[in-house]
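The block underneath contains the structure these notes are about, expressed in structure tokens.
Quantities reported herein were computed from a predicted structural model and do not represent experimental measurements.
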Amino acid sequence: MRIVVGMSGGVDSSVTALLLHRAGHEVIGVFMNNWEESGEDGVCTAESDWADVRAVCDAIGIPYYAVNFAQEYRERVFAYFLEEYRAGRTPNPDVLCNREIKFKAFLDFGLQLGADRIATGHFVRRAQDAEGFRLLRGLDPAKDQSYFLYMLGQRALSYAEFPVGGMTKAEVRAIAREAGLPTFAKRDSTGVCFIGERDFKAFLQAYLPAQPGEMRDLRTGQAVGRHDGLMYYTLGQRRGLGIGGSGDGRRWFVVSKDLEQNLLWVAQGDDHPGLYTREALAGQVTWIAERPPVSEGAELACTAKFRYRQEDQRVRARLTAEGLHLAAEELQRAVTPGQSVVLYQGETCLGGGIVERAW
RNA sequence: UGGGGUGUCGCCAAGCGGUAAGGCACGGGACUUUGACUCCCGCAUUCGUAGGUUCGAAUCCUGCCACCCCAG
């Protein structure tokens, strides 16, 4: 088969290409450059990542290309990202990036190159049965990335290969080392995909105008400080408030935002009730199977993650006219509008939605 | 300008003659393909100020300054 591999310049995608090549496939490495701007340190990491991709492909002995989806990224991912922040929510751009860029724009590009399949270095597995394709958690529980891929559908999965999804990170690095791939010891990347690690507040300030306002104590209703603009804070956030020492001396956390009055409500203590909810409503619900696991109104017992790397939470899910209603067994801390809630049944990622509100 | 009280890191606050706890904030790191949370490390050669007593003071004494309270 001809397989086009999305290569980031990291170990995971390096090993992905290596394994497919060893399996006898015709492998083509493709590097995506989707963000045309260097970091605040002035260093353009995309450039060194591209160099790493070339070095890895040369080591394996496969051809490579670079493509630029910067326009698509800006229009389909970044615009949404800014809109959400402007609306006072906290979006997860990477779930959209996967759906719109890696498993749409990139997939189409691969198909144009005559590929039978595309592959990425994601730590997830794919399964197929009479019902169609399923998305399974990566085998390494510490690295599972199914949370970020819950928006994929059947078309994307039908073309996708995830060669490292069945191994642990340690195994991946070992393979890279043994094969002499130059990226074997490269540090795992973090931060928004393609944009990278940033001073987040400073980054947002470059795109969104500040609207300073009052910070108020949820308990007393009294002003306890000033905020630089509601979009720079997210629910459950502690650092950056700058109001330490007041009140009873405990830590302060963001509890809610009032866009109407431009107020940031904060509360003291990690155990403040305002920080916890048990129910939530999610919109923009999508299912990997492309159809709901239960009929509307019926209840589904499953587990959910309200944020990446959260341990599985037992929930009862129900599809209503409003959206996906979730009732968690345990109290949930700082469930935040804009973030994705992803549902699982055992190893299978069912799909998910975007949190509208929680209570 | 009569009386009383208080002045220790940005904030709160231990210390009561033996050579500056702790919390919050803040900075750095770890963790992490979102944002957060969490964890770890760092953070006053100096205690309003000027003198004095003492081997030795933030701790005792004196002057001055500032703030607070009660009287006016």
Side-chain angles (χ1 to χ4, degrees), chain A residues 6-13 32 34-35 45 49 73 77-78 80-82 84-85 87-99 101-102 120-124 138 140-151 162 164 169 186-204 208 215 217 224-226 230-257 266-272 275-276 305-311 332-342 352 354-355:
Chain A
M7 300 186 70
S8 64
V11 230
D12 304 337
S13 56
M32 285 177 258
N34 302 338
W35 188 253
T45 57
D49 286 337
Y73 188 84
V77 180
F78 203 64
Y80 157 85
F81 172 83
L82 293 181
E84 286 287 280
Y85 268 110
R89 316 206 325 162
T90 308
N92 179 335
D94 290 351
V95 296
L96 253 197
C97 174
N98 283 319
R99 186 182 76 188
I101 306 299
K102 293 174 184 166
T120 64
H122 285 108
F123 277 89
V124 296
D140 186 339
K143 283 308 230 179
D144 169 42
Q145 291 172 318
S146 56
Y147 178 91
F148 287 104
L149 298 185
Y150 83 95
M151 281 188 174
F162 306 108
V164 301
K169 184 77 187 193
K186 194 166 169 182
R187 201 181 143 71
D188 289 6
S189 66
T190 58
V192 176
C193 204
F194 298 119
I195 295 179
E197 200 109 49
R198 300 300 181 103
D199 172 334
F200 218 75
K201 192 171 172 182
F203 180 67
L204 284 179
L208 300 172
M215 221 182 257
D217 181 351
V224 288
R226 305 277 306 167
L230 291 181
M231 64 281 283
Y232 305 140
Y233 306 83
T234 190
L235 303 193
Q237 177 174 334
R238 165 163 84 95
R239 309 196 71 163
L241 299 182
I243 53 174
S246 56
D248 63 19
R250 297 152 84 202
R251 303 168 168 182
W252 289 92
F253 295 93
V254 173
V255 170
S256 68
K257 304 182 186 184
V266 296
Q268 211 157 13
D270 196 37
D271 58 354
H272 190 97
L275 233 31
Y276 297 87
K305 290 184 193 299
F306 289 90
R307 52 170 53 75
Y308 180 53
R309 285 177 63 78
Q310 179 186 30
E311 342 75 84
Q332 300 297 314
R333 184 181 186 285
V335 172
T336 308
Q339 288 286 290
S340 289
V341 56
V342 179
I354 295 178
V355 175

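Taking every heavy atom of both residues into account, A:Phe123 and A:Lys143 meet most closely at CB-O, 3.3 Å.
In textbook terms, a nucleotide whose glycosidic angle is within 90° of 0 is syn, and B:C37 is one such case.
Among the atoms of the strands shown, none is found under 4.0 Å from any heavy atom of A:Gly269. Contact annotation for A:Phe253: backbone-only contact, meaning every heavy-atom pair under 4.0 Å involves sugar-phosphate atoms and none involves a base. Within the 4.0 angstrom heavy-atom criterion, only backbone atoms of the sugar-phosphate kind lie near A:Arg333; the bases stay farther away.
When each of B:C37, B:U33, B:C39 is scored by its nearest atom to the side-chain atoms of A:Lys102, the top-ranked nucleotide is B:U33. Residue A:Arg238 has its side chain nearest to B:U38 when only B:G35, B:U32, B:U38 are considered.
For A:Arg307 and B:G35, a side-chain-to-base donor-acceptor distance below 3.5 Å is present, hydrogens and geometry of angles not being considered.
Taking a cutoff of 4.0 Å between a charged side-chain nitrogen and a carboxylate oxygen, A:Arg333 and A:Asp270 qualify as a salt bridge.
In this structure, NZ of A:Lys186 is placed 13 Å from C1' of B:U33, rounded to the nearest angstrom. Here the C1' atom of nucleotide B:U34 and the CZ atom of A:Phe81 are 8 Å apart, to the nearest Å. Counting to the nearest Å, the C1' atom of B:U34 and the CG atom of A:Leu82 are 14 Å from each other.
The backbone N or O of A:Ser246 lies less than 3.5 Å from a partner atom in the side chain of A:Gln268, making a donor-acceptor pair.
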